[in-house]
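The sequence lines fix the lettering, A, B, ..., with proteins before strands; numbering per chain opens at 1.
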Amino acid sequence: MSQRELPSVFIPSEIEGPLYQKWVDAGYFTADVSSTKPAYTIVIPPPNVTGVLHIGTALDHTLQDILIRMKRMKGFTTLWLPGTDHAGIATQNVVEKQLASEGLSRHDLGREEFIKRVWDWKAESSGAILEQMRRFGDSVDWSRERFTMDEGMSRAVLTIFKRLYDAGLIYRAERIINWCPRCMTALSDIEVEHNDDAGELVSIRYGDGENSIVVATTRAETMLGDTAIAVHPDDERYAHLIGQTILLPLVGREIPVVADEHVDPEFGTGAVKVTPAHDPNDFEIGLRHKLESIVILNAEGEVADSGTRFDGLDRFEARKAIVEALKAEGRIVAEKRPYIHAVGHCQRCDTVVEPRLSKQWFVKVAPLAKTAGDAVRKGQVKIEPESLAPRYFEWVDNMHDWCISRQLWWGHRIPVWYGPEGDVLVLGPDENAPEGYVQDPDVLDTWFSSALWPFSTLGWPDTTEDLKKFYPTSVLITGYDILFFWVVRMMLFGLFAMDGVPPFRVIALHGLVRDKFGKKMSRSKGNAIDPLELMDTYGADAIRFTLARGANPGADQALAEEWIAGSRNFGTKLWNATRFAMMNGATVEGDLPAFDSLNVFDRWILSRLNETITEVDELLETYEFARACDQIYHFAWDDLCDWYLELSKESFATGTAHDSKRVLGYVLDQLLRLMHPIMPFLTEELWTALTGGESVVIAEWPRPIDDHVDLVGEKLIIQVQEIITEVRRFRNDQAIKTSQRIPGRFIAPQEFARYDAAMRFVLRIDHPEEDVLFVPSATLEIGAVKVELDLSGAVDVGAERSRLTRDLATAQKDRETADIKLSNENFMAKAPVNVVTEIRERLAKTDAEIVRINAQLAKLPSS
RNA sequence: GGGUGCUUAGCUCAGUGGUAGAGCGCCUCGUUUACACCGAGGAUGUCGGGGGUUCGAAACCCUCAGCGCCCACCA
């Protein structure tokens with residue numbers, strides 16, 4: 001093992017480039033898979049390890065990877081499994097986009113050919129990753145990807161579907177579902193995003209004269225499918241019309257007026273048009289009053305089969321045309337435009353979702369959700385931070401049935417076959433449909449198969465060794481935005497399939513990445529940043545550190561280029577510190593000298609290192625990434641670079657630093673290990689250069705050493721820091737250049753003699769040429785230490801006086817607050833002893849300070 | 001409408017009962033044998049308003065105001 005020389009300049013791209021590029025090539029590093037999500041959806045490449053737990057947002061991935069690296073350094077077994085992104089519209093969209101660039105659509109290829117294209121795309125994306133994952137001998141089983149997706153079927157999916165079906169928890173029904181006319185598929189409630197859009201609210205008079213009612217609508221085109229008008233049963237204005245029929249304009253159909261509790265008599269005219277086939281509420285009303293459902297929109301969102309001249313028009317064109325036509329008939333009573341109201345949009349493509357009557361498969365969630373809620377209520381599963389648990393409960397306790405069929409091709413096919421006589425057959429694994437049966441053409445919702453991920457990837461339904469070992473897993477870490485999509489569903493199925501054992505013990509939630517002002521990133525606002533671009537400039541480690549440093553549990557974080565630049569600077573700082581250390585002979589060879597034999601600075605930095613290790617370890621174990629990063633940052637920059645290295649320069653320069661070389665080597669070695677999960681590329685480079693070891697990835701996680709505690713030493717160093725800072729202040733006030741050497745003396749208690757040389761070096765204070773003849777022109781007092789300096793010229797009395805006056809004011813104020821407390825009888829009677837003692841000490845200290853400053857002021861010549 | 005969170009230095013955020021913190025930004029100085037992606041020094045907050053509990057509140061309770069997020073079938 002030997003050290004490698006470090007180049008004098010740290011360039012992130014040169015270190016991260018090659019590995020990083022592999023991951024980019026492998027498709028694991030992409031700014032945006034779906035093209036509709038904000039640009040922060042990226043995957044930071046984990047270098048030279050090991051694999052990906054799943055592909056999520058940058059934060060998901062970063063934080064997961066940090067924990068995983070820490071755990072494996074602690075000796076935990078890690079098993080790498082394929083991601084879950086196999087049945088998604090996102091994946092389908094990527095390939096559809098490729099096709100579009102060739103001027104093709106998926107329908108040109110046909111189902112089989114299309115699925116082959118998706119597989120090709122995915123296969124292209126995995127070779128380089130596998131190679132990286134195996135480098136350190138991790139257990140890798142990528143073949144499970146096939147396992148879950150082969151032939152568009154999987155034993156896990158077949159098994160769970162059949163079990164749920166047999167338990168009466170899966171059913172098929174004709175319902176109003178959310179339909180995306182662009183994706184041409186059904187969507188679950190959760191895949192619909194409600195935005196406030198500017199629409200129109202038009203009031204239309206149905207019927208004529210006495211026999212007329214005015215209704216309001218934001219979707220005028222749906223009137224073609226109206227089969228009733230509903231009013232509140234107690235509404236006297238319309239009592240005489242209940243049971244009558246009214247003529248539907250443009251269509252010429254007579255429709256009944258029905259009384260229904262659902263109608264709010266306060267809203268609008270108190271009368272509602274009822275379109276059972278195109279509105280969920282109306283559908284319910286239709287059921288109650290046995291109304292006909294007339295479908296007037298086709299899958300593309302065009303008016304069809306309405307028997308009117310509007311057939312063939314797109315829904316939005318039809319809306320205009322119908323309003324025009326009604327206006328021509330004088331039936332538009334009022335128009336409100338713009339009318340701001342919530343409109344559902346397809347989460348993937350932003351198309352306005354159309355409620356549509358159609359036959360779909362559903363999961364009956366109530367019983368499953370109850371179990372999932374109880375698992376958290378009973379403490380079987382913990383949500384971190386706890387404050388987000390109410391969100392979970394709110395959702396779990398009010399979940400509607402879940403529409404699971406999708407009219408897509410990429411995904412698990414619904415394992416249901418229909419017989420020639422219309423009979424329905426649900427097949428389990430290893431079962432075949434009889435001759436003449438046809439499989440349901442639809443595939444399952446992404447989240448249906450994703451929900452199985454914690455156990456299907458481990459070989460379930462077989463009782464494999466992996467399943468026994470890794471189910472349940474200890475922690476799931478993800479963003480709170482994914483709680484409902486994925487986490488809840490893993491809970492539902494996990495508890496159902498695994499006899500009440502939840503898939504994980506802890507759900508650790510982080511926030512979302514926001515722009516520099518804390519606002520949601522969005523393309524339209526133009527505040528989305530491109531992480532790939534920033535990574536080219538600052539390096540992947542800088543982004544990772546920034547993300548980790550901002551990751552307070554459950555809270556969103558603002559991300560701006562400045563923060564990333566700051567992280568890059570930190571990386572550079574560490575680079576230079578390590579380089580400097582190695583230039584001065586820092587080594588990991590040989591035993592660490594006995595703690596008691598070391599000099600005060602060495603003991604101090606070891607003691608601080610010990611504290612840092614303890615704290616960082618604890619913080620990472622409790623998912624406090626931001627605070628862990630903060631500890632590391634300040635230890636590395638403040639303690640190590642600004643103080644230890646500066647104070648050690650004297651002994652390095654004079655060649656008396658034999659033990660310090662070993663200590664410094666040790667401290668850096670440990671620090672780099674501690675930082676490795678958070679800045680993997682940089683620490684790998686520095687650690688291998690410093691230690692000559694194979695890789696920090698497989699180094700052991702630092703452990704605190706009980707002997708390395710020196711609380712007395714830490715206190716002394718604080719005093720040393722005070723003295724140095726005070727002298728620097730003085731020099732600064734007196735406009736003495738940093739490089740200017742001045743003669744001076746320390747008059748201090750015996751114990752400070754040990755620091756004399758180091759302090760002189762740092763402060764550039766020389767021994768007076770002839771001690772007896774030394775006449776100081778300025779004297780500073782810091783606690784028990786006097787510093788006498790010869791400025792060989794006039795001291796700037798004004799600057800000195802103003803500084804002392806300022807210090808005096810501060811001391812007097814401090815004294816006053818302490819004094820007030822101590823003269824408060826209630827405080828003395830009720831405050832705990834240690835607090836009283838502390839205040840007493842403070843008072844004594846400020847008293848002495850005031851005396852000292854006054855004495856110094858008195859000594860100043862009057863100006 | 002239901003749920004939930006936030007309001008602390010110019011900006012973004014930590015801080016859960018004992019003298020207000022960090023990063024960035026700002027001001028002054030600086031080619032000192034790692035680093036200007038740097039070093040040294042400095043300035044900056046009646047901790048959203050008002051009440052209460054307490055010897056003591058940024059923190060706990062009540063209330064008001066503003067902002068945000070999630071969920072929700074108001075035409």
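Taking 4.0 angstrom as the limit, A:Arg729 places a side-chain polar atom (N or O) nearer than this to OP1 or OP2 of B:G42. Between A:Thr725 and B:G41 there is a side-chain N or O to OP1 or OP2 distance below 4.0 Å. Put simply, A:Lys573 has a side-chain N or O that comes within less than 4.0 Å of OP1 or OP2 on B:G39. Considering only side-chain N and O atoms, A:Trp637 lies under 4.0 angstrom from the phosphate OP1 or OP2 of B:G39.
Considering only residues two or more places apart in sequence or on other chains, A:Asp847 meets the salt bridge (Lys or Arg N to Asp or Glu O under 4.0 Å) condition with A:Arg815.
Taking atom C1' on both nucleotides, B:G39 is separated from B:U31 by 11 Å, rounded to a whole Å. Taking the P atoms as reference points, B:U19 lies 16 Å from B:G56, given to the whole Å. A gap of 12 Å separates the C1' atoms of B:A58 and B:U46, to the nearest Å. Straight-line distance between the P atoms of B:A14 and B:U54: roughly 31 Å, to the nearest whole Å. Atom name C1', nucleotides B:C55 and B:G2: the rounded distance is 43 Å, in whole Å.
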How does RNA chain B read in dot-bracket, base by base from 5' to 3', with Watson-Crick or G-U pairs under 3.5 Å and | used when the partner is on another strand?
((((((((.[[[[.)..(..]]]].(((((.......))))).....[[[[[..)....]]]]])))))))....

N/O to N/O distances under 3.5 Å, protein versus nucleotides 51-61 of chain B:
unit_1, atom_1, unit_2, atom_2, d
B:C55, OP1, A:Lys830, NZ, 2.3
B:C55, O4', A:Asn826, O, 3.4
B:C55, O2', A:Asn824, ND2, 3.1

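Contact annotation for A:Ala555: backbone-only contact, meaning every heavy-atom pair under 4.0 Å involves sugar-phosphate atoms and none involves a base. Heavy atoms of A:Asp642 sit under 4.0 angstrom from primed sugar atoms or phosphate atoms, though from no base atom. Nucleic acid contact for A:Asn552: sugar-phosphate only, since backbone atoms but no base atoms lie under 4.0 Å from a heavy atom of the residue. If you check every strand for non-hydrogen atoms under 4.0 Å, A:Gly518 touches sugar and phosphate atoms only. Using a 4.0 Å heavy-atom distance criterion, A:Lys649 is classed as a base contact. A:Arg391 comes within contact range of at least one nucleobase, with a heavy-atom separation under 4.0 Å. At the heavy-atom level, A:Phe652 lies nowhere under 4.0 Å from the strands shown. A:Trp575 comes within 4.0 angstrom of no nucleic acid atom, judged by non-hydrogen atoms across all strands.
If you check B:C11, B:G2, B:U19 against the side chain of A:Glu394, the one that comes closest is B:G2. With distances taken from any side-chain atom of A:Phe267 to the nucleotides B:C24, B:A75, B:C35, the minimum falls on B:A75. Looking at the side chain of A:His400, the nearest of the listed nucleotides B:A75, B:A34, B:A72 is B:A72. Side-chain proximity of A:Asn569 to the nucleotides B:U32, B:A75, B:C37 is greatest for B:C37. Side-chain atoms of A:Tyr480 lie closest to B:C69 of the nucleotides B:U19, B:C69, B:A22.
With RNA chain B read from its 5' end, the first of the two nearest nucleotides for A:Ser387 and A:Gln557 is the one closest to A:Ser387.
In terms of heavy atoms, A:Leu671 sits closest to A:Ala636 at CD2-CB, 3.9 Å.
At a cut-off of 3.5 angstrom, counting only N and O atoms as typed in the model, there is a donor on one side and an acceptor on the other between the side-chain of A:Glu646 and the base of B:A34. Scanning atom types as modelled, one donor and one acceptor separated by under 3.5 angstrom connect the side chain of A:Arg764 and the base of B:U32. A donor-acceptor contact under 3.5 Å links the side chain of A:Arg568 to the base of B:C37.
With hydrogens and angles disregarded, a donor-acceptor distance shorter than 3.5 Å links the side chain of A:Thr217 to the backbone of A:Arg219.
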